[in-house]
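This report refers to the structure that appears directly beneath it.
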Amino acid sequence: INMGQPIIGYIQHWLDTVCKHNPSDIVNLYAPDGVLLGTVAQSIKNGRGEIGQYFNMFVTKKPCGEIDTYYVQDYGDIAIVDGTYTFELNNDYGGRDSVPARFTFVLRKINGGWKIATHHSSAQPE
């Protein structure tokens, strides 16, 4: 994956941040009014408070992932990145599970830098 492109580089930065398991650092990558449809969330998370609650739970699984494929649409102050990633997560039995998932990020420029406006992640169908 060519990370020279700033947009996909931001998604890689998000992934690297998730791998460090610090919820507040992850939440700071989202717009204040950002929306998250998380892979293992029961409901849509709206705003940094709710997104933070999700990542407080998610990091207990010690997640780390890799981007497998991606497509970028760049519209200047808005960008859309669709693709697939594979997460490794702790399971309830002391082992690690590999969870292939697909994603959509909508990024928005705020104060000259990217923030995540919308993020949808769902497990790949069997």
Check the hydrophobic clustering (I, L, V, M, F, W, Y; side-chain heavy atoms under 4.5 Å; chains of links allowed) and say if I11 and L37 are grouped together. no
Between D25 and T17, is the side chain to side chain donor-acceptor pair (under 3.5 Å) condition met? List the steps. CA-CA 7 Å; D25 288 348; T17 303; over 6 Å; no
Heavy-atom distance under 4.5 Å between the side chains of Q73 and D82, does that happen here? yes
Here the pair of heavy atoms bringing E88 nearest to S98 is OE2-OG, 3.2 Å
Do the ring planes of Y85 and F103 sit parallel (below 30°), tilted (30 to 60°) or perpendicular (above 60°)? tilted
How many angstroms lie between atom SG of C64 and atom NZ of K20, to the nearest 0.5 angstrom? 10.0 Å
Between the side chains of Q12 and Y10, does any donor sit under 3.5 Å from an acceptor? no
ILVMFWY cluster, V18 and V40 together (side-chain gap under 4.5 Å): yes
Could you measure the distance from the OG1 atom of T104 to the OH atom of Y71? Nearest 0.5 Å is fine. 12.5 Å
Heavy-atom closest pair (G34 atom, I51 atom, distance to 0.1 Å) is O-CD1, 3.6 Å
Step through the shown structure and confirm whether more than 12 heavy atoms of other residues, nucleotides or ligands are within 6.0 Å of CD1 on I44. no
Just wondering, do D77 and W114 contact through their side chains at under 4.5 Å, heavy atoms? no
For the NZ atom on K115, are there more than 12 heavy atoms of other groups (residues, nucleotides or ligands in this structure) within a distance under 6.0 Å? yes
Is R102 paired with D68 through a side-chain N to carboxylate O contact shorter than 4.0 Å? no
Going hydrophobic residue to hydrophobic residue with side-chain gaps under 4.5 angstrom, can you get from L107 over to V72? yes
Identify, with sequence neighbours excluded, every residue that meets side chain to side chain contact (heavy atoms under 4.5 Å, CB included) alongside N28. R48
All heavy atoms of S121 vs all of T39, minimum pair found to be OG-OG1, 2.5 Å
Can you name the residues that form a salt bridge (charged side-chain N to carboxylate O under 4.0 Å, His left out) with R96, not counting sequence neighbours? none
Heavy-atom pair of closest approach, residues P63 and L89: CB-CD2, 3.3 Å
Nearest heavy atoms of Y54 and L36, plus distance in Å: CD2-CD2, 3.4 Å
Of all heavy-atom pairs linking C19 and G65, the shortest is SG-N, 3.6 Å
Using the rule that two of Ile, Leu, Val, Met, Phe, Trp, Tyr join whenever any of their side-chain heavy atoms come within less than 4.5 Å, decide whether I110 and I78 are in one cluster. no
Side chains of K45 and S43: is there a donor and an acceptor less than 3.5 Å apart? yes
Establish whether V106 and I7 are linked, either directly or via other cluster members, by ILVMFWY side-chain heavy-atom contacts under 4.5 Å. no
Tell me whether the rings of F55 and F58 are parallel (<30°), tilted (30 to 60°) or perpendicular (>60°). perpendicular
Between H119 and W14, ring centroids under 6.0 Å: yes
Drop me the distance from R108's CZ to T118's OG1, to the nearest 0.5 angstrom. 8.5 Å
Quick one: NZ on K62 to CG on N90, what's the gap to the nearest 0.5 Å? 8.0 Å
Find out whether I80 and F105 are in side-chain contact, i.e. whether some heavy atom of one side chain is under 4.5 Å from a heavy atom of the other. no
For the backbone of V99 and the side chain of D97, can you confirm whether one donor and one acceptor N or O come within less than 3.5 Å of each other? no
E66 and T86 side chains, donor-acceptor separation under 3.5 Å: no
